[in-house]
Protein chains: 2
Amino acid sequence: MVEYSKDLDVIFQSLADPTRRDILRRLRPREHTVGELAQHYDLTFAAVSKHLQVLERARLVRKRRSGREQKVELSPAGLGRADTYLAQYRILWEEKIDRLEEFLKPNK
Amino acid sequence: MVEYSKDLDVIFQSLADPTRRDILRRLRPREHTVGELAQHYDLTFAAVSKHLQVLERARLVRKRRSGREQKVELSPAGLGRADTYLAQYRILWEEKIDRLEEFLKPNK
DNA sequence: GCTATATTCAACCATATAGTTGAATATATA
DNA sequence: TATATATTCAACTATATGGTTGAATATAGC
């Protein structure tokens with residue numbers, strides 16, 4: 001009865017947390033190690049590590065080992081999936097905004 | 001320390017539930033009453049009503065009373081906000097896909 | 001091999017969330 | 001006004017989530 005798409009559950013759930021969104025923001029320009037990321041938050045290392053696991057399950061980030069560190073980078077998979085989902089609704093709200101602009105336009 | 005944006009918390013939290021995404025899908029072509037929506041789910045009326053409250057707080061839907069019914073329709077506000085957020089990352093994953101296409105292209 | 005550094009795992013706790021049931025409210029109609 | 005229909009509210013329950021602490025694992029370097 002419900003179009004059940006577990007991947008969207010996990011992706012949107014991941015995006016619903018401000019610390020996780022902040023991690024994504026930091027990863028935008030470049031990859032970071034887990035430790036580098038952890039420094040910026042008033043949380044335990046373990047808590048940040050768990051946030052990264054959540055982001056990884058959602059395929060919003062990827063990790064790869066580099067010596068004793070783990071390098072974390074953005075992954076386009078999850079972000080693309082979320083974006084594709086919202087694209088279904090994009091026409092709707094763009095058209096509403098168009099109508100608003102039309103309404104605000106003085107004349108012609 | 002964290003770019004805290006409560007509206008995105010609420011919007012993505014709303015989108016993380018399959019029943020709520022299904023409700024949005026049903027509202028795409030036209031508005032529905034709460035009762036019409038509730039019919040489609042194996043949940044109590046109250047449960048569906050609560051899902052709608054969550055969607056409303058996220059400004060993903062709007063309700064307006066019409067006699068003893070409540071008409072529910074999509075609201076562009078929340079959807080637009082989520083879409084704008086993801087747009088920051090769109091370049092990233094589109095460029096990754098471009099690179100993939102480039103890689104797959106036979107030659108030239 | 002021993003020790004330090006980087007990260008994860010396991011167990012636990014508090015709070016939030018999705019669901020229920022039954023009562024309350026709002027409106028339409030006889 | 002009384003009754004039926006549509007919806008929400010309140011109280012409660014079970015499970016999920018975000019956090020902690022302390023132990024475990026993996027790798028680097030002496």
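Ranking D:dG18, D:dT21, D:dG19 by closeness to the A:T44 side chain, first place goes to D:dT21.
For the pair A:L43 and A:R68, both in contact range of DNA chain D, the more 5′-proximal nearest nucleotide belongs to A:L43. In this structure, B:A46 and B:V54 both approach DNA chain C, and ranking their closest nucleotides by distance from the 5' end singles out B:V54. Between A:R20 and A:S66, the residue anchored nearer the 5' end of DNA chain D, judged by the nucleotide with its closest heavy atom, is A:R20.
When heavy atoms are screened at a 4.0 angstrom cut-off, B:A38 is found touching no nucleic acid atom at all. Across all strands shown, B:K71 has no heavy atoms under 4.0 Å from either base or sugar-phosphate atoms.
Tracing side-chain contacts under 4.5 Å through hydrophobic residues (I, L, V, M, F, W, Y), one never reaches B:V54 starting from A:L15; they form parts of separate clusters. By the criterion of side-chain heavy atoms lying less than 4.5 angstrom apart, applied directly or through intervening Ile, Leu, Val, Met, Phe, Trp or Tyr residues, A:I11 is not grouped with B:V10; the two fall into different hydrophobic clusters.
In this pair, A:F12 and B:F12 present their aromatic rings parallel. The plane angle is below 30°, not in the 30 to 60° band.
Using a distance-only test at 3.5 Å, with no hydrogens or angles considered, a donor-acceptor pair links the side chain of B:R65 to the main chain of B:G67.
Rounded to whole Å, atom C1' of D:dT15 lies 13 Å from atom CD of A:Q13. Remark: C1' of D:dG18 and CD1 of A:I23 are 12 Å apart, rounded to the nearest angstrom. The separation between A:Q70 atom CD and D:dT27 atom P is 9 Å, rounded to whole Å. Rounding to whole angstrom units, CG of residue A:L15 and P of D:dG18 are separated by 12 Å. Rounded to a whole Å, the CG atom of A:D17 is 12 Å from the P atom of D:dT17.
Mapping heavy-atom proximity under 4.0 Å, the span of DNA chain C touched by chain A runs 5' to 3' from C:dA4 to C:dC9.
Checked for salt-bridge contact, B:D9 and A:R20 miss the test: no charged N lies under 4.0 Å from a carboxylate O.
Counting all heavy atoms, side chain and backbone alike, B:R25 lies closest to B:D22 at NH2-OD1, 2.9 Å.
A side-chain contact (heavy atoms from CB on, under 4.5 Å) with A:R30 is found for exactly one of A:K71, A:E73, A:E36, namely A:E36.
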